[in-house]
**Q** 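Sharing a structure below in structure tokens format, with a few things to ask.
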Amino acid sequence: MKAKVALLTFSFALYAPAQNSPMPALQLSPAEQSMAAARKEIENKPGQFAGYNQLAIALSRRARETSDSSCYSQAEDALKKSLELAPGNLESGKIHVWLLLGRHEFPSALEAAKALNKKNPDDVLVYGFMSDANAELGKYEEAENAVQWMLNLRPGNLPGLTRAAYLRELFGDVDGAYELLDIAYKATPPTETEDRAWILSQMGHLRFVAGKTDEADNILKQALIIFPGYYYAQGNLAKVRIAQKRYEDAVVLMQQRYQATPHAENLYDLAEALKLAGREDEAKKTFAEFEAQSLAESIRKDNSNHDLVFYYADHAQQPAQALKVAQQEYAWRHDVYTLDAYAWALHVNGQDTEARKQIETALAIGIRDASLLDHAGEIALKLGDQTAAERYLKDSAALHANGSEQARLRLASLGQAAAVNR
Amino acid sequence: MARIQNRIVLFLGLSFSSVAMAQQGATDRSIALYQVRAAASNNATDYDKLGAAYVQKGRETSDFAYYDLAEKALTKSLALTSSMDMSAAAPLTHMAATYMAEHRFAEAADYAQRALALGSGDLSPFGLLGDAHADMGDYDQAAQDYEKLLLHLTSQEPSRGLVFMHDSRVSYLKFIHGDNAGAIELAKKATNAATALHLPAENVGWTYFQLGEYLFQAGDISGAEAAYQEALTALPGYYRGLSGLAKVRVAQQKYPEAIDFYKKAIEEIPFPDYIAALGDIYTKIGEKEEAKKQHDLVEYIGYLSSLNQRAYNRELAVFYADRDVKLPESMALAQRELELRRDVYTQDVLAWSLYKNGKLKEAAATMDKALSMGTKDAMFDFHAGMIHRDMGDTDGARDYLRRALAINPHFHIFYADAARRALEEMQTNGAAKLEGASR
């Protein structure tokens with residue numbers, strides 16, 4: 001889920017329109033600078049729609065910078081103005097979809113993108129939006145189809161490559177995903193530091209989920225050299241630190257990331273890191289903060305319900321709450337991470353038959369995620385299917401990634417320690 | 001003296017006409033077509049195509065005015081592109097090509113990078129980026145940029161166009177690094193590809209011309225002649241092909257024919273170095289008046305070009321230095337050029353100019369920089385030889401001059417003989433000295 005949001009960011013970080021020289025105002029954030037530039041453009045050419053479109057994009061960036069959702073409604077207002085000036089212009093249509101995606105309104109985004117696609121069947125980015133919305137909703141075949149169109153229309157285009165890599169990972173082809181990102185990285189000029197850092201962060205993530213912790217470590221450090229303080233790299237490196245049992249370092253990184261991007265889900269990761277570091281009181285306090293923040297956004301589509309489910313299931317011991325939140329998400333999307341959260345909520349509520357159905361649906365997509373496999377193992381175990389449970393747990397442990405440790409401990413408790421200490 | 005230059009061969013997005021079609025006409029037709037279309041549609045693509053046609057026209061005519069027109073059309077195109085797609089990639093790339101042609105290397109690199117940053121999947125801006133880096137003297141970076149042309153982006157076959165762009169450029173880098181055989185081999189591959197790809201005739205012609213230059217530098221005069229002929233077959237009346245043949249005739253001491261070829265080339269494009277070379281032939285055959293006429297013309301072009309700035313800085317710096325006139329100006333021109341263009345050729349020109357200005361130490365230090373890549377260009381070694389002779393480093397001078405003649409015994413209408421004379425003199429003086437010592 002998080003990876004996907006960053007993915008969208010990437011396709012737009014690709015082109016900052018008409019900004020040859022950076023704005024002089026040092027205090028302004030990048031989004032604020034774009035907003036100021038757009039407002040100036042509107043002032044200069046009030047009758048033209050382009051300035052309003054620029055403003056809408058800038059405001060959506062601001063929304064991500066601040067988590068202030070009122071920016072989105074301001075962006076919609078700018079877009080309305082643009083459409084008044086130039087009814088039916090393609091660019092405004094695309095920004096509309098982009099805003100819907102930013103707010104995680106995936107069903108509406110998909111509808112709007114499909115309508116645009118019908119009118120403009122050769123637009124690469126519209127296919128990208130269709131792919132994004134489909135993937136988030138768990139319609140992976142449609143997502144794949146759309147990405148293939150992107151790459152057919154413009155072979156090797158970077159937004160297409162990064163999306164293809166994302167799908168390959170979900171389909172279990174982690175090395176194939178890495179290969180595409182490696183090409184994307186090499187094709188991105190060194191001057192584009194944020195884009196390069198984003199790609200490296202994603203490459204580091206892929207090495208990490210494949211259990212190549214040292215390689216992930218190096219790649220992510222490289223990302224932070226290219227783009228110091230990059231929150232996405234910090235978050236991924238923190239996960240590497242946890243796998244290396246360097247919990248204090250993980251806490252520092254998670255804190256840095258939360259400061260840069262104060263989102264609820266980042267608070268959840270921080271709380272978990274604090275707990276692992278043995279800082280129980282701080283962890284408790286942070287979890288409580290997370291719960292408050294997450295609940296406040298829970299009814300929105302752009303929420304942290306995924307983490308909230310695991311919080312209620314694993315940390316707060318409130319299984320009924322976990323299931324309630326999970327059902328709310330499951331009602332409208334079936335991506336692998338929602339299925340995983342839903343399955344886990346069912347599991348902690350003793351509904352393991354249904355839980356197994358859900359987690360196996362997720363795994364059938366092909367994803368090789370240590371945490372998902374660990375969950376599948378636990379669920380199978382509860383159902384008394386020791387053979388399947390051991391297979392899942394061994395697969396999870398063998399990945400040496402996030403979730404492997406729990407699987408290893410469970411196997412050990414089952415007397416399977418020898419089998420995994422390979 | 002025409003020098004090997006890193007010139008752009010880029011797909012400018014023009015319709016690739018059949019080889020037989022007279023290229024200049026095709027480009028004119030493109031210009032006319034997109035002028036009308038852009039005015040009517042006011043859309044980014046039409047302005048981009050118009051800009052691309054102007055760049056191509058600029059290449060074909062070497063008339064810098066077309067680059068101004070290209071810049072205007074492309075600026076218009078960029079203003080019309082959407083930030084919500086990758087349509088800016090093409091005008092950004094063409095803008096980079098325009099700046100490259102105008103020798104505005106830093107801007108060319110900037111625009112190439114901006115084009116690449118869009119992630120459109122088109123890797124051709126890496127070719128321009130490498131060209132800019134090469135002309136700024138960063139050959140390692142250029143090599144890295146060129147390798148990016150071969151990134152296999154999909155499971156599809158690597159684009160033959162990109163392979164061609166890679167080969168024709170890497171052949172230049174090989175030459176710069178002194179691997180003349182390697183440069184020739186890759187350039188041959190590129191000529192075959194250029195023909196097979198049905199590139200515009202001017203591009204095919206240029207690719208053959210480049211091969212001819214490497215062969216000539218390596219002293220293979222008949223090989224060079226054949227390559228220049230191919231350039232002229234691809235594009236009849238092509239000024240570069242004509243100038244190449246003129247050089248070959250000079251090497252063969254067939255001066256009347258050489259004069260003819262230069263005259264025809266100059267009719268197409270009055271390049272100052274062609275006119276200077278023509279003047280040199282007249283000098284050689286004793287027609288002093290004709291020679292003076294040509295050399296005055298070079299100065300006049302130099303005066304004109306000083307009005308539109310630095311178009312021919314390097315050519316003029318060499319011209320003045322070769323003739324021992326306006327030496328301070330020669331040095332100033334070379335130094336100004338070096339600020340923007342830090343490749344080995346500019347270093348060589350500056351070294352030669354410093355030498356003529358009597359600044360031997362600085363000349364030697366600058367010459368070392370020119371030679372630092374190991375380039376096997378007879379002129380470099382000749383220049384180095386003369387500098388070291390005047391510094392009293394007879395052994396060094398001898399090595400350089402011998403090397404110049406070994407690379408290409410016909411490397412220049414005067415200097416090949418000058419090198420031989422200098423060697424003989426050093427021999428005689430050395431012998432005299434030895435005699436004196438034994439007495």
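We use all heavy atoms of the structure for the numbers below, so side chains are in, but hydrogens, waters and symmetry mates are not. Letters go in sequence order (proteins before strands), and every chain restarts at 1.
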**Q** To the nearest 0.5 Å, what is the distance between OG (Ser120(B)) and CZ (Arg154(A))?
**A** 5.0 Å

**Q** Given a strict heavy-atom distance threshold of 4.5 Å, which part of Leu90(A) is in contact with chain B: side chain, backbone, both, or neither?
**A** neither

**Q** Less than 4.5 Å apart, any side-chain heavy atom of Met84(B) and any of Ile57(A)?
**A** yes

**Q** How about CD on Glu185(B), more than 12 heavy atoms from neighbouring residues, nucleotides or ligands closer than 6.0 Å, or not?
**A** no

**Q** Walk me through it: do Lys94(A) and Asp85(B) pass the test side chain to side chain contact (heavy atoms under 4.5 Å, CB included)?
**A** CA-CA 9 Å; Lys94(A) 280 156 87 175; Asp85(B) 60 28; 3.5 Å; yes

**Q** Quick one: OG1 on Thr191(A) to CZ on Arg114(B), what's the gap to the nearest 0.5 Å?
**A** 10.5 Å

**Q** Check Ala187(A) against Leu123(B) and note the closest heavy-atom contact, atom names and distance.
**A** CB-CD2, 4.0 Å

**Q** Whether the side chain of Lys148(B) engages the backbone of Lys186(A) through a donor-acceptor N/O pair (distance < 3.5 Å, no angle test) should be reported.
**A** yes

**Q** Which atom pair, heavy atoms only, marks the closest approach of Pro159(A) to Gly119(B)?
**A** CD-O, 3.5 Å

**Q** What closest approach, in Å, do Asp195(A) and Ala117(B) show between heavy atoms, and which atom pair accounts for it?
**A** OD2-O, 4.3 Å

**Q** Taking salt bridge (Lys or Arg N to Asp or Glu O under 4.0 Å) as the test, write out the residues that go with Glu71(B), two or more places apart.
**A** Arg104(B)

**Q** Kindly write out the residues that satisfy side-chain contact (heavy atoms from CB on, under 4.5 Å) with Lys174(B), not counting sequence neighbours, or none if the list is empty.
**A** Val170(B), Asp179(B), Ala183(B), Leu186(B)

